[in-house]
Amino acid sequence: QVQLVESGGGLVQAGGSLRLSCAASGRTFSSKAMGWFRQVPGKERDFVATITWNGGSTDYADSVKGRFTISRDNAKNMVYLQMNSLKPEDTAVYYCAAGRYSGISTKPYDYNSWGQGTQVTVSS
């Protein structure tokens, strides 16, 4: 399995930017799709973005399209989420996840390794 550690969260004003990073360990990282999800207390974990094993394809939740960009660097075992034009409704704990397969998925069930999460707070 892949072990994941997120970083880069914090407090930012609306309209600002943050870049989340996810450091992965494990020999199978480069063959797995990766994803970002987010969760607020009392709600389910929601899909944010996903990327195929080689970065050739991505998908985003409608709420973040045009504002967020997912990328990966397999040589460094890293995944990133660049978040621009942040809104207060983007406030959540953000989780990095490694997929069971190489292709993208928007469903949490298709991911079998999760990081501990990083808090993102956007003030109005």
Side-chain angles (χ1 to χ4, degrees):
Q1 273 204 345
V2 178
Q3 288 76 48
L4 305 169
V5 178
E6 303 97 334
S7 61
L11 174 63
V12 64
Q13 287 190 332
S17 298
L18 281 175
R19 187 195 196 202
L20 303 184
S21 298
C22 175
S25 60
R27 291 182 296 175
T28 60
F29 166 78
S30 61
S31 67
K32 304 295 188 183
M34 296 296 295
W36 286 95
F37 291 77
R38 64 188 182 187
Q39 189 170 24
V40 298
K43 294 192 175 182
E44 293 184 351
R45 194 166 294 187
D46 290 333
F47 165 73
V48 175
T50 180
I51 188 167
T52 50
W53 69 278
N54 63 352
S57 183
T58 59
D59 195 13
Y60 298 90
D62 288 343
S63 59
V64 307
K65 278 181 182 175
R67 300 188 297 123
F68 290 12
T69 303
I70 187 172
S71 61
R72 68 188 295 163
D73 185 339
N74 284 348
K76 295 181 179 180
N77 277 20
M78 295 292 295
V79 180
Y80 306 99
L81 185 68
Q82 178 66 44
M83 305 186 295
N84 299 328
S85 302
L86 283 161
K87 304 175 181 179
E89 51 264 44
D90 294 319
T91 295
V93 176
Y94 283 71
Y95 296 91
C96 175
R100 299 176 189 272
Y101 316 110
S102 60
I104 58 177
S105 173
T106 65
K107 296 177 171 52
Y109 174 80
D110 288 330
Y111 295 81
N112 59 356
S113 295
W114 296 83
Q116 82 289 350
T118 185
Q119 176 71 47
V120 171
T121 303
V122 184
S123 63
S124 57

Nearest non-hydrogen partners of T106 and D59, listed with the distance
CG2-OD2, 3.7 Å
Hydrophobic clustering (ILVMFWY, side-chain heavy atoms < 4.5 Å, transitive) - are L86 and F47 grouped together?
no
With a sphere of 6.0 Å drawn around CD of E44, does it hold more than 12 non-hydrogen atoms of other residues, nucleotides or ligands?
no
L11: which of T91, T121, L18 passes side chain to side chain contact (heavy atoms under 4.5 Å, CB included)
T121
Would you say Y95 ends up clustered with I51 if hydrophobic residues are merged whenever their side chains have heavy atoms under 4.5 Å apart, either directly or through other cluster members?
no
Report yes if some heavy atom in the side chain of W36 is under 4.5 Å from a heavy atom in the side chain of C96; otherwise report no.
yes
Testing the basics here: between G56 and N54, what is the closest heavy-atom pair and its distance to 0.1 Å?
N-OD1, 3.0 Å
Any sub-3.5 Å donor-acceptor pair from Y111's side-chain atoms to S105's backbone N or O?
yes
Tell me whether V64 is reachable from I104 by hopping between hydrophobic residues (I, L, V, M, F, W, Y) whose side-chain heavy atoms are closer than 4.5 Å.
no
Here the pair of heavy atoms bringing P88 nearest to S124 is CG-CB, 3.8 Å
Any idea which heavy atoms bring A24 and F29 closest together, and the distance?
CB-CD1, 3.3 Å
Could you tell me if the side chain of K76 sits less than 4.5 Å from the side chain of S21, heavy atoms only?
no
What closest approach, in Å, do Y60 and A49 show between heavy atoms, and which atom pair accounts for it?
CD2-CB, 3.6 Å
Parallel, tilted or perpendicular: which describes the rings of Y94 and F68, with under 30° parallel and over 60° perpendicular?
tilted
Kindly indicate whether the side chain of L20, heavy atoms from C-beta on, has any atom under 4.5 Å from the side chain of V120.
yes
Minimal non-hydrogen separation, Q119 against A92, with atom names
NE2-O, 3.4 Å
Please lay out, stage by stage, how K87 and D90 fare under the test salt bridge (charged side-chain N to carboxylate O under 4.0 Å, His left out).
CA-CA 5 Å; K87 304 175 181 179; D90 294 319; over 6 Å; no
Contact check, side chains of R67 and M83, non-hydrogen atoms, under 4.5 Å
no
Counting C-beta onward and ignoring hydrogens, is there a side-chain heavy-atom pair between M34 and V2 closer than 4.5 Å?
no
Out of curiosity, N84 CG to T69 OG1, how far, rounded to the nearest 0.5 Å?
6.5 Å
Mind checking the CZ-NZ spacing from R72 to K32? Nearest 0.5 Å is all I need.
11.0 Å
Supply the atom-to-atom distance T50 OG1 to K107 NZ, rounded to the nearest 0.5 angstrom.
11.5 Å
Single-linkage hydrophobic cluster, 4.5 Å side-chain cutoff, V93 and F37 together:
yes
Got a second to check how far C22's SG is from N77's CG, nearest 0.5 Å?
10.0 Å
Please check if the side chain of E6 supplies one atom and the backbone of Q116 the other of a donor-acceptor pair under 3.5 Å.
yes
